[in-house]
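Here the structure is laid out as structure tokens; the discussion comes afterwards.
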Protein chains: 2
Amino acid sequence: MTSSDKPGTAADAPAETAETAGTAGVTPVAARDWATAASDPQYRAAVVDLLGALAYGELAAFERLAEDAKLAPTLADKAELAKMASAEFHHFERLRDRLAEIGEEPTGAMEPFVAAYDGFHRQTDPSDWLEGLVKAYVGDSIASDFYREVAARLDTDTRELVLAVLDDTGHAGFAVEKVRAAIDADPRVGGRLALWARRLMGEALSQSQRVVADRDALSTMLVGGVADGFDLAEVGKMFSRITEAHTKRMAALGLAA
Amino acid sequence: MTSSDKPGTAADAPAETAETAGTAGVTPVAARDWATAASDPQYRAAVVDLLGALAYGELAAFERLAEDAKLAPTLADKAELAKMASAEFHHFERLRDRLAEIGEEPTGAMEPFVAAYDGFHRQTDPSDWLEGLVKAYVGDSIASDFYREVAARLDTDTRELVLAVLDDTGHAGFAVEKVRAAIDADPRVGGRLALWARRLMGEALSQSQRVVADRDALSTMLVGGVADGFDLAEVGKMFSRITEAHTKRMAALGLAA
């Protein structure tokens, strides 16, 4: 939805519009609940996009983790990856149920993001167990960083849900431990996995750009123009923070990012 | 473990042995709790086998359902298969936790059954969505029939767990509905799926025989010789009942078994 699609917003509701966002005396979205914030149709459309993107991301992550479980060297490792996959599925359920609760058809909300996620996963099919672990860790961390940044700008109800489904379930610790042990055992493994992590980051950025170019409401929320959306400079800073966090995580893993 | 491996059982505990099983005045296993029943080391070994077989079966089913989810024609269908997979994973968790609770290493208990399940799944890789659904339905139903038969002979605690993890979660209804709709739309589909179901049944029987031949304690419990185990005639009847139930289910699906 573009801004020309939202006739009568200002008259219909006390919601702030692009014009009044951030001005003194207007309650910022982050201090409102969903019922109040959603009276702005563009804010509503952006949140539906966000929930749809998150939901399909969880479903795709479920599928990929379950597939990577086949690469596990032991039954215990397989069970651990299956557990991660199952946790992602339950996150998917919460997001899907929320979409239904606010009167949106979940499948319709997810469809626009299928190509980007499927493209990412197709381009980054792990060739072994360690690549799968690095992918689970890196992918999860970048997605989590990004959605946390966005969450701060959301209405209270949506924020609570987004933070809940990003809740760390101890998966990172598992991946880090296994990857470090493998590098300790054979330092050459580190070089290969560092290249792999760089490829993952590149592919994630390229697919995100594709989404941003396609989804007006979501991008407008990110780059400003609705509610407490970022301005362009702040989007740049956000990407720096995410890249920096990625670099630190890779260093902690023993990989040069 | 064979019966010659259980020295001193009768002296150690009030547990019945093969010799006294079924005689008047002895409490049958089905009326005892785990603590009492497990004092017979051969009964204990048989239950560890059973839980290990069930646990790996659930983990393998998780993996295959998650993989079949990729074949789903719609996002809603994909979500439904992911839900089944996730339910199997939670069953796995309960069985694994139970093995740990009774002091068994879960991986060790599962290992003996990996080859049979993996063999079954490798031989019955669905080539499309409908074959995947029929497999989920047939495989689940046969396994469920078999474990229900066995459950009746188990101690009260083990029985409760086995029945809980076999609890129908509505998956059968989903598969039946989709398969019938496909046959209605194109009756030729029925012939192909009937052949497929027959292959599934054949492969399941062949892998079961492999397990029975390999696992002394489990087989002894099934064919008699420990506690309330079946005699050979009863095993024959059990297989008839399972085959008959399969035939009825196939007919209900619109498939000649």
Side-chain angles (χ1 to χ4, degrees), chain A residues 51-100 104-118 121-122 125 132 169, chain B residues 51-100 104-118 121-122 125 132 169:
Chain A
L51 296 179
L54 260 173
Y56 189 71
E58 299 282 5
L59 193 57
F62 160 84
E63 230 174 327
R64 295 303 160 147
L65 286 169
E67 184 156 356
D68 294 351
K70 280 189 287 185
L71 303 168
T74 70
L75 274 182
D77 288 333
K78 189 192 283 284
E80 193 63 37
L81 233 60
K83 184 179 164 188
M84 291 187 200
S86 184
E88 306 283 12
F89 178 73
H90 294 304
H91 292 163
F92 159 76
E93 284 186 311
R94 290 190 63 174
L95 293 156
R96 180 198 58 191
D97 292 350
R98 176 63 180 162
L99 281 163
E104 293 291 329
E105 212 285 288
T107 301
M110 291 190 282
E111 291 286 5
F113 306 100
V114 169
Y117 280 111
D118 287 359
H121 287 298
R122 205 169 33 241
D125 194 18
T169 40
Chain B
L51 296 178
L54 261 174
Y56 189 71
E58 299 281 5
L59 193 57
F62 160 85
E63 229 173 328
R64 294 304 160 146
L65 286 169
E67 184 156 356
D68 295 351
K70 280 190 289 186
L71 303 168
T74 70
L75 275 182
D77 289 332
K78 188 193 283 283
E80 193 63 36
L81 233 60
K83 184 179 164 188
M84 292 188 199
S86 184
E88 307 281 13
F89 178 74
H90 294 304
H91 292 162
F92 159 75
E93 284 186 311
R94 289 190 64 173
L95 293 157
R96 180 199 57 193
D97 292 350
R98 176 63 180 163
L99 282 162
E104 293 291 329
E105 212 285 289
T107 300
M110 290 190 283
E111 291 286 6
F113 306 99
V114 169
Y117 280 110
D118 287 0
H121 287 299
R122 204 170 34 242
D125 195 18
T169 40

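A, B, ... follow the sequence lines: proteins, then strands. Residue 1 opens every chain.
Of the listed residues B:Pro106, B:Ala79, B:Ala69, B:Ala76, the one with more heavy-atom pairs under 4.5 angstrom with chain A than any other is B:Ala79. Between chain A and the residues B:Lys78, B:Glu111, B:Met110, the largest count of heavy-atom pairs under 4.5 Å involves B:Lys78.
Remark: A:Asp125 engages no residue in a salt bridge (Lys or Arg N to Asp or Glu O under 4.0 Å) (not counting sequence neighbours). Among residues two or more places apart in sequence or in another chain, the side chain to side chain donor-acceptor pair (under 3.5 Å) test is passed with B:Asp118 by B:Tyr56.
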Could you pull out all donor-acceptor pairs under 3.5 Å where a side-chain atom in residues 92-100 of chain A meets a protein atom, sequence neighbours excluded?
residue, atom, partner, partner atom, Å
A:Glu93, OE1, A:His90, ND1, 3.0
A:Arg98, NH1, A:Glu101, OE2, 3.1

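Across all their heavy atoms, A:Phe89 and A:Leu59 have their closest contact at CD1-CD1, 4.4 Å.
If you take OG on A:Ser86 and NE2 on A:His91, they are separated by 10.0 Å, rounding to the nearest 0.5 Å. Here the NZ atom belonging to B:Lys70 is positioned 9.0 Å from the CG atom belonging to B:Asp68, to the nearest 0.5 angstrom.
The side-chain heavy atoms of A:Leu75 and B:Val114, taken from C-beta on, include a pair separated by under 4.5 Å.
Proximity to chain B at a heavy-atom threshold of 4.5 Å picks out A:Phe62, A:Glu63, A:Ala66, A:Glu67 from residues 60-67 of chain A, in numerical order.
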